[in-house]
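The model shown is predicted, which means the values in this text are computed figures rather than measured ones. Residue numbering restarts at 1 for every chain, and letters A, B, ... go by the order of the sequence lines.
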2 protein chains.
Amino acid sequence: MTLHEVPPLSLRCGDCPIRHRAVCARCESDELQELEGIKYYRSFEAGQTIVWAEDQMDFVASVVSGIATLTQTLEDGRTQMVGLLLPSDFVGRPGLSSAPYNVTATTDVLMCCFRKTPFEEMMLRTPHIAQRLLQMTLDELDAAREWMLLLGRKTAREKIASLLSIVARRNASIRLEVAEERMVFDLPLTREAMADYLGLTLETVSRQISALKRDGVIELQGKRHVTVPDMHRLMSEAGDDSDGGILG
Amino acid sequence: MTLHEVPPLSLRCGDCPIRHRAVCARCESDELQELEGIKYYRSFEAGQTIVWAEDQMDFVASVVSGIATLTQTLEDGRTQMVGLLLPSDFVGRPGLSSAPYNVTATTDVLMCCFRKTPFEEMMLRTPHIAQRLLQMTLDELDAAREWMLLLGRKTAREKIASLLSIVARRNASIRLEVAEERMVFDLPLTREAMADYLGLTLETVSRQISALKRDGVIELQGKRHVTVPDMHRLMSEAGDDSDGGILG
DNA sequence: CTATCAGATTGATCTGCGTCAAATACCCGA
DNA sequence: TCGGGTATTTGACGCAGATCAATCTGATAG
């Protein structure tokens with residue numbers, strides 16, 4: 001669902017240009033049939049809210065294109081991002097009717113939705129789907145816990161470096177340019193969204209990005225296009241165990 | 001698994017003094033039989049590590065008594081708690097062999113363990129167990145996300161107030177003294193463990209507890225025994241939506 | 001080409017929390 | 001009861017990051 005290191009098993013259904021990661025690859029055909037019957041598409045404009053916290057959410061979905069975020073907010077407006085949804089990621093709570101956070105499109109977003117009740121019924125009939133979802137949810141829980149370490153204990157510079165290497169890794173796993181020292185990608189987030197991700201202010205984000213640029217850890221073409229000349233360097237700036245990543 | 005608002009369905013197996021929350025109540029008898037065959041007990045002393053990060057973990061388990069924590073650590077020793085296990089909570093990753101964090105006993109702990117392979121086989125045979133685990137994992141993911149909001153956006157005072165009301169709520173759901181304005185409980189954590197939970201230093205924790213005491217939000221008998229004269233007051237100090245809790 | 005506006009950068013200043021250090025309370029065994 | 005070690009409190013001080021404010025950049029529409 002978010003921040004996965006490695007794309008898990010998944011299947012391509014019908015005319016969707018992506019592979020839905022919620023469903024197991026081993027038995028594509030049967031589920032494809034069933035899914036076709038209950039799926040539909042919805043598109044959202046940049047900035048639009050997809051689901052409000054506490055609202056009824058009567059579908060589960062995969063992101064087909066664009067970026068969506070999960071955020072939580074305090075009464076006075078302080079907001080924290082708690083999930084980042086990139087194409088092929090899954091949203092929804094089979095078994096529960098509402099989520100305690102807002103889902104927002106940060107770019108134009110196309111989602112492939114499945115009506116919840118039929119989806120849940122299919123889950124009951126095909127047990128390995130529940131197991132597949134359990135797997136994914138456990139992965140996401142691990143990601144959330146790594147994120148907690150970042151929020152609770154890392155410095156601003158480490159936070160930025162961590163975010164950059166997460167985005168780079170995500171990109172790499174899509175483009176299959178793994179294990180390169182050099183890496184080039186576009187930031188899918190504004191400075192403000194990055195701040196909400198990291199528990200910082202957008203000014204601090206900007207300053208730390210400038211600092212990383214000044215120190216030669218990254219290069220920028222425009223505001224969003226990033227070149228990392230040495231991923232090892234970036235990852236050691238991130239403060240994690242140095243061997244935790246995709247690079248030998 | 002941790003920080004649940006409401007104790008979910010669960011079952012009592014054999015001579016365990018607790019109800020294991022990992023297993024559905026609807027069909028107790030069958031699973032009881034199966035679980036009896038593969039379970040065993042392990043006890044740990046306060047301070048002892050139950051599982052090291054990256055170690056093989058060949059069992060899943062429920063906490064019977066005592067308190068255990070999940071923690072993640074950076075190379076230089078900064079540590080962040082990412083899970084708090086109270087009696088009846090579940091640990092383990094069916095489907096995966098290792099967890100990326102340390103599990104530590106903070107008090108003497110007794111765990112009721114199930115060997116992983118047989119447990120997973122039982123999961124395959126009884127599909128609603130996977131669904132039950134999915135449910136629990138989703139709850140835990142929600143809790144982790146609320147925790148992220150706390151780590152990223154709350155002040156030290158709000159963090160302390162949040163932790164106190166979480167512990168109070170947890171206690172309340174066990175003792176069934178829900179919906180009282182006044183609440184009395186023991187802190188199960190040292191100041192240092194609280195600091196690791198909240199992403200603070202132990203000095204800041206101590207200072208903020210003193211401040212809450214000075215301001216009449218809480219009273220202390222000794223270091224650990226807490227009286228909250230007005231839960232509404234405490235919860236508004238915590239900064240959440242005021243209606244998010246157990247009180248009307 | 002210029003006006004406009006959102007996003008981003010940069011600077012100056014302030015402050016909450018961390019750091020370092022010392023004092024105090026508490027627990028348990030001898 | 002005393003001693004020693006651990007948990008906790010409290011104080012003084014400094015700094016990372018927040019806040020407030022001004023400027024700059026770049027994309028888009030007219």
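Between B:Y40 and B:F59, the ring planes are perpendicular. Angles over 60° get that label, and only those under 30° would be called parallel.
Note: CG (A:L187) to P (C:dG7) measures 15 Å, nearest angstrom. When rounded to the nearest whole Å, the span between CZ of B:R214 and C1' of D:dT10 equals 12 Å. In this structure, B:L151 places its CG atom 13 Å from P of C:dC17, rounding to the nearest Å. Distance B:K154 NZ to C:dG16 C1': 17 Å, rounded to the nearest Å. The distance between atom CD of B:Q208 and atom P of C:dC17, rounded to the nearest whole Å, is 6 Å. Atom pair A:Q221:CD and D:dT25:C1' shows a separation of 16 Å (rounding to whole Å applied). Between A:D76 atom CG and D:dT19 atom P the separation is 10 Å, expressed in whole Å. Look at NE2 on A:H225: it is 19 Å from C1' on C:dG7, rounded to the nearest Å.
Put simply, the side chain of A:T107 gets close to the backbone of A:I67: a donor and an acceptor are under 3.5 Å apart. A side-chain donor-acceptor contact under 3.5 Å links B:S162 to the backbone of B:E158. Judged purely by atom type and a 3.5 angstrom limit, B:N102 uses its side chain to pair as donor or acceptor with the backbone of B:A53. Judged by distance alone, the side chain of B:R182 and the main-chain N or O of B:M231 form no donor-acceptor pair under 3.5 Å.
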Listed pairs, N/O of protein and of nucleotides 6-8 of chain D, under 3.5 Å:
| unit_1 | atom_1 | unit_2 | atom_2 | d |
| --- | --- | --- | --- | --- |
| D:dT8 | OP1 | B:R224 | NE | 3.4 |
| D:dT8 | OP2 | B:R191 | N | 2.9 |

Listed pairs, N/O of protein and of nucleotides 18-21 of chain C, under 3.5 Å:
| unit_1 | atom_1 | unit_2 | atom_2 | d |
| --- | --- | --- | --- | --- |
| C:dG18 | OP2 | B:T201 | N | 3.4 |
| C:dG18 | OP2 | B:T201 | OG1 | 3.1 |
| C:dG18 | OP2 | B:T204 | OG1 | 2.4 |
| C:dT19 | O4 | B:R207 | NH2 | 2.9 |
| C:dC20 | N4 | B:E203 | OE2 | 3.2 |

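The nearest pair of heavy atoms linking B:G66 to B:P87 is O-CD, 3.4 Å. Across every non-hydrogen atom of A:V226 and A:L187, the tightest pair is CG2-CG, 3.9 Å.
Checking B:L189, B:T201, B:T71, B:T79 one by one against B:D196, the side-chain contact (heavy atoms from CB on, under 4.5 Å) holds for a single residue, B:T79.
In this structure, B:R233 pairs ionically with B:E237, as a charged nitrogen and a carboxylate oxygen lie closer than 4.0 Å.
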